[in-house]
Each structure stands twice: as C-alpha cells, then as structure tokens.
Amino acid sequence: MENKKEMRNWLNEFNLTHPFVIAGPCSAETEEQVLKIAHELKDSDVSVFRAGIWKPRTRPGGFEGVGEIGLKWLKKAKEQTGLLMGTEVANAAHVKLALEYDIDVLWIGARTTVNPFAMQEIADALAGTKKIVLVKNPVNPDLSLWLGGVERLYNAGIEKLGVIHRGFSTYEKTKYRNIPEWQIPIELQNKFPDLPLIIDPSHITGDRKMILEVTQEALDLNYDGMIIETHYDPDNAWSDAAQQVTPDALKQIFIDLKVRKVNDASVEFTQKMTKLRTNIDILDENLLDLLGKRMKVADEIGKVKKDANVAILQNTRWNEILGKMILEGEKKGLTEEFVLKMFKAIHQESIGHQEKVLNK
Ligand code: PEP
Ligand code: MN
C-alpha cells in the first residue's frame with residue numbers, strides 16, 4: 001500500500017473545523033439507552049455514534065452484546081438524530097448484518113486485527129464497500145500486523161479507511177489499561193500521513209479521569225480524531241464501566257481540549273524553532289557519543305569476564321544501577337517509566353557487546 005491522498009477524502013468531506021469525533025456507549029444495552037445517549041450527543045461535535053453490538057469478552061460469562069436487535073436500535077437512533085452510526089465487526093456474518101442495517105462506520109477490534117484469517121474474511125465480506133472502515137491496532141505492539149490489516153481492506157477495494165490507536169496489552173501492571181507505545185502510531189503516521197489516525201483514550205486508559213490528558217497528547221501529535229466511550233450512567237454500564245464518561249463530561253472535554261495548528265509559517269516561529277532544534281541536534285549527537293563510549297567500556301568488561309570465565313549477567317549489580325538511576329532521573333525531571341525503558345535498552349545493547357567479546 002502506498003500513501004494515497006484519496007485516503008483522507010472521506011474525512012475532508014465532513015468539513016469539520018474541529019477533530020473528528022465518534023462517541024457513544026461501549027455496548028448497546030437497551031433501546032432506551034441507545035436513544036437517550038444518541039439524543040444527548042446530537043448537536044455537539046460528535047459526528048458518529050458508536051455502540052458495540054457484538055462484544056469480544058476476555059473470559060466467558062461477561063456481557064457478549066445484544067446482537068442483531070441492537071442494529072435496529074442504531075437505525076432508529078440515526079433516523080431520530082441524524083448522527084452516523086458505527087459498530088465493531090469481527091467476522092463475515094457481522095459485516096453482512098451491519099451492511100443490511102446501513103451502519104455507516106465499521107471498525108475492526110484489537111482482538112480481530114491480530115488474526116490475518118479473520119481480517120481477510122472481513123475484507124472479502126466488505127469488498128468494494130463505500131462505508132468507512134477503521135482498523136484498531138492489534139493487542140500486541142506489532143506495526144506490520146496493523147498495516148497488514150489495513151492492506152487487506154485496501155486490496156479489497158475499500159477506500160474510506162482509517163486507523164484507531166487503542167493501546168497495547170502488557171503483562172506488567174501500568175497506569176494504563178493498554179499502554180500507548182506512541183512510537184508505533186507515530187511511525188504509521190510517518191509512513192501514511194494521509195491515513196486518518198484516531199485516538200481511543202477509553203481503552204488506552206481504562207479510567208475516565210485520564211481521558212482528557214491522553215486525548216490532548218494525541219492531538220498534540222496531530223491525530224485526526226477521537227473515539228470516546230460515553231454513557232449517561234457510566235458506573236452502571238454493562239461493560240467497561242470505569243472508562244466511560246457522561247455526555248456532559250464529554251462536552252466539557254471538547255471545551256478543555258486545545259486544538260493546535262499543524263504548523264506556523266511566521267518568521268518568529270521558524271527562528272525560535274530553528275534555534276531550539278539546533279540545540280536538540282547537538283544534544284542528540286552528544287547522547288550517541290556517550291552511548292558509544294559506554295559500549296566501549298562494556299567491551300572491556302567483556303574481556304575481563306572472559307579472562308575470569310564469569311557469566312555476563314550480574315543481577316544484583318544491575319538492580320543497584322536501576323534503583324540509583326530512577327532516583328537520579330527523578331531529580332532531572334525524567335519519569336520512572338522512561339528511565340527504566342532507556343536503561344533496559346542500554347543494558348541489552350551492553351550484553352550484546354559483551355556476548356560478542358566472550359564468544360569471539
Ligand atoms: C470497544 O471498542 O468497545 C472494544 C472492544 O475495543 P478494543 O477492540 O479496542 O478492545
Ligand atoms: Mn469498550
């Protein structure tokens with residue numbers, strides 16, 4: 001797939017003066033619930049109403065969605081509010097039904113994007129459709145798999161494509177439900193600047209208190225829009241209760257978000273930026289220089305260990321370094337998360353260097 005300007009056309013057709021917004025409950029629960037939320041969202045910045053009809057639950061026994069009847073409610077919500085309707089599809093049967101009920105936006109969930117068979121089945125079922133199709137990132141941090149999903153749809157003649165960044169699963173507990181790994185969507189955006197990129201702060205954070213902050217971060221990275229789970233009674237939602245916001249809270253988020261310009265051509269801005277960027281370039285060079293020197297020392301250590309026939313990994317020493325660096329990093333305004341990630345990477349490179357020496 002090459003970057004194609006046409007990919008952005010569907011978004012331009014909305015003629016928005018603000019980011020593109022999809023909002024609505026995690027799941028369609030009852031007809032009243034769907035209609036009430038849709039009415040509260042009309043006449044706002046929301047273009048598309050979302051509601052899950054088929055819910056992929058991690059373990060059986062959870063609420064698995066209302067199924068086809070929910071599509072009738074969405075149809076009614078569209079007639080009454082004029083909002084476009086969006087839902088998740090995970091197989092050909094879902095696609096067939098969603099198209100029958102004239103759903104406008106279909107998205108592929110994170111648990112489906114990981115599976116090339118499922119993606120191909122969906123692409124075949126959607127072939128040539130004029131509907132908007134959005135691909136969520138796979139649960140694992142794999143850019144090729146994400147792009148592969150988009151390519152299967154593109155090859156099936158679907159032109160109104162976009163991607164949703166919903167974060168990635170980790171075994172480690174973090175402050176996020178799914179860690180953002182911003183570098184992955186940024187790389188995708190660099191490769192395909194015309195593929196609309198939408199943030200899903202609800203599934204990234206799992207916590208309504210963090211929705212504004214993560215959405216702002218995304219807008220600062222030039223994302224095109226957001227999909228935010230919204231429910232009039234979030235605490236009693238049938239799925240994803242902790243992360244849903246009320247329609248009023250959502251409207252407050254729209255007020256609080258700062259939408260920034262993509263660029264500024266003024267001389268003042270350009271001069272300031274050139275100066276700062278020169279500074280950054282020099283510092284980056286220094287960083288690389290230092291890292292190179294550090295690896296030379298690692299080579300020396302490798303030689304000493306080889307002569308003494310000692311194993312490379314010395315856990316106590318490594319944990320000491322990490323503890324010390326986290327504290328030092330804090331003093332310099334660096335987060336623990338960053339310091340850990342950086343030193344793990346440095347450590348890995350260092351082990352690689354020592355291994356080369358030891359096995360020469
Ligand atoms: C959802 O949007 O409700 C959903 C199930 O999302 P994801 O595929 O990102 O887990
Ligand atoms: Mn959800």
Side-chain angles (χ1 to χ4, degrees), residues 20-29 33-34 37 41 46 48-60 62-67 70-71 74 84-91 94-95 98 103-115 118-119 122 132-142 145-146 149-150 153 162-170 176-181 184-185 188 197-208 210-211 214-215 218 223 225-246 249-250:
F20 177 66
V21 185
I22 304 175
C26 176
S27 307
E29 299 166 0
Q33 176 243 20
V34 165
I37 301 170
L41 293 176
V46 177
V48 180
F49 179 83
R50 66 150 282 158
I53 297 293
W54 302 283
K55 300 304 298 177
R57 303 325 292 177
T58 304
R59 299 179 65 185
F63 171 58
E64 297 195 326
V66 293
L71 295 168
L74 293 187
L84 298 183
M85 294 291 134
T87 201
E88 173 177 345
V89 290
N91 58 41
H94 294 167
V95 168
I103 294 294
D104 308 281
V105 176
L106 300 93
W107 79 82
I108 324 292
R111 294 165 192 77
T112 307
T113 312
V114 284
N115 182 345
M119 277 309 303
I122 292 168
I132 297 165
V133 183
L134 307 174
V135 184
K136 285 203 176 194
N137 66 257
V139 280
N140 55 326
D142 185 336
L145 201 52
W146 194 2
V150 179
L153 295 165
V163 288
I164 299 175
H165 172 213
R166 55 77 81 193
F168 302 89
S169 279
T170 49
Y176 299 104
R177 178 176 174 194
N178 292 292
I179 52 166
E181 303 275 18
I184 297 176
L188 186 142
L197 172 59
I198 293 165
I199 185 79
D200 175 350
S202 308
H203 293 92
I204 287 180
T205 64
D207 176 355
R208 68 180 71 95
M210 291 163 68
I211 302 282
V214 167
T215 310
Y223 279 48
M226 61 199 83
I227 175 167
I228 300 186
E229 288 189 340
T230 311
H231 194 298
Y232 58 81
D233 185 8
D235 284 333
N236 290 306
W238 297 4
S239 57
D240 288 352
Q243 69 197 33
Q244 304 206 52
V245 296
T246 61
L250 181 69

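Every value quoted in this text rests on a predicted model; they were computed, and no experiment measured them. Side chains are part of it too, since the values below use all heavy atoms of this structure and drop only hydrogens, waters and symmetry mates. For ligands, and for the atoms within them, numbers begin at 1 and follow the listed sequence.
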* For H231, the option from Q243, E29, Q244 that meets side-chain hydrogen bond (donor to acceptor under 3.5 Å, both in side chains) ->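 Going through Q243, E29, Q244 one by one, the side-chain hydrogen bond (donor to acceptor under 3.5 Å, both in side chains) with H231 is satisfied by E29 alone.
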* Q33 (side chain) donor-acceptor with D233 (main chain) under 3.5 angstrom ->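 Here the side-chain-to-backbone pair does not exist.
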* So, R208 side chain and A241 main chain: donor-acceptor pair closer than 3.5 Å or not? ->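 Judged by distance alone, yes, a pair lies under 3.5 Å.
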* **Residues forming a ring pair (Phe, Tyr, Trp, His ring centres under 6.0 Å) with Y176, sequence neighbours excluded** =>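 With sequence neighbours excluded, Y176 shows a ring pair (Phe, Tyr, Trp, His ring centres under 6.0 Å) to no residue whatsoever.
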* Asked: Among all residues two or more places apart in sequence or in another chain, which pass the ring pair (Phe, Tyr, Trp, His ring centres under 6.0 Å) test with Y232?
  ->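 Here no residue qualifies.
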* To do: Under 2.8 Å from the Mn ion (ligand 2), which protein N, O or S atoms are there? Could you list them by chain and number?
  =>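 Listed by chain and number, the atoms are C26 SG, H203 NE2, E229 OE2, D240 OD2.
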* Cationic N near anionic O, under 4.0 Å, R50 to E88 ->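 No, no charged N to carboxylate O under 4.0 Å.
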* **Lys/Arg N to Asp/Glu carboxylate O, R177 vs D240, below 4.0 Å** =>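 A salt bridge is present here (some side-chain N lies under 4.0 Å from a carboxylate O).
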At less than 3.5 Å, what protein N or O atoms come close to the N or O atoms of ligand 1? Include the distances to 0.1 Å.
unit_1, atom_1, unit_2, atom_2, d
ligand 1, 2 (O), R50, NH1, 2.9
ligand 1, 2 (O), R50, NH2, 3.4
ligand 1, 2 (O), K136, NZ, 2.9
ligand 1, 3 (O), R50, NH2, 3.0
ligand 1, 3 (O), K55, NZ, 2.8
ligand 1, 3 (O), H203, NE2, 3.3
ligand 1, 3 (O), E229, OE2, 3.2
ligand 1, 6 (O), K136, NZ, 2.9
ligand 1, 8 (O), A110, N, 2.9
ligand 1, 9 (O), K136, NZ, 2.8
ligand 1, 9 (O), R166, NE, 2.6
ligand 1, 10 (O), R111, NH1, 2.9
ligand 1, 10 (O), R166, NH2, 2.8

* To do: May I ask you to test the I211-V245 pair for a side-chain heavy-atom distance under 4.5 Å?
  =>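 Of all side-chain heavy-atom pairs linking V245 with I211, at least one is under 4.5 Å.
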* Please work out which of the three classes, parallel, tilted or perpendicular, describes the rings of H165 and W146, given edges at 30° and 60°. =>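 Tilted, since the angle between the ring planes falls between 30° and 60°.
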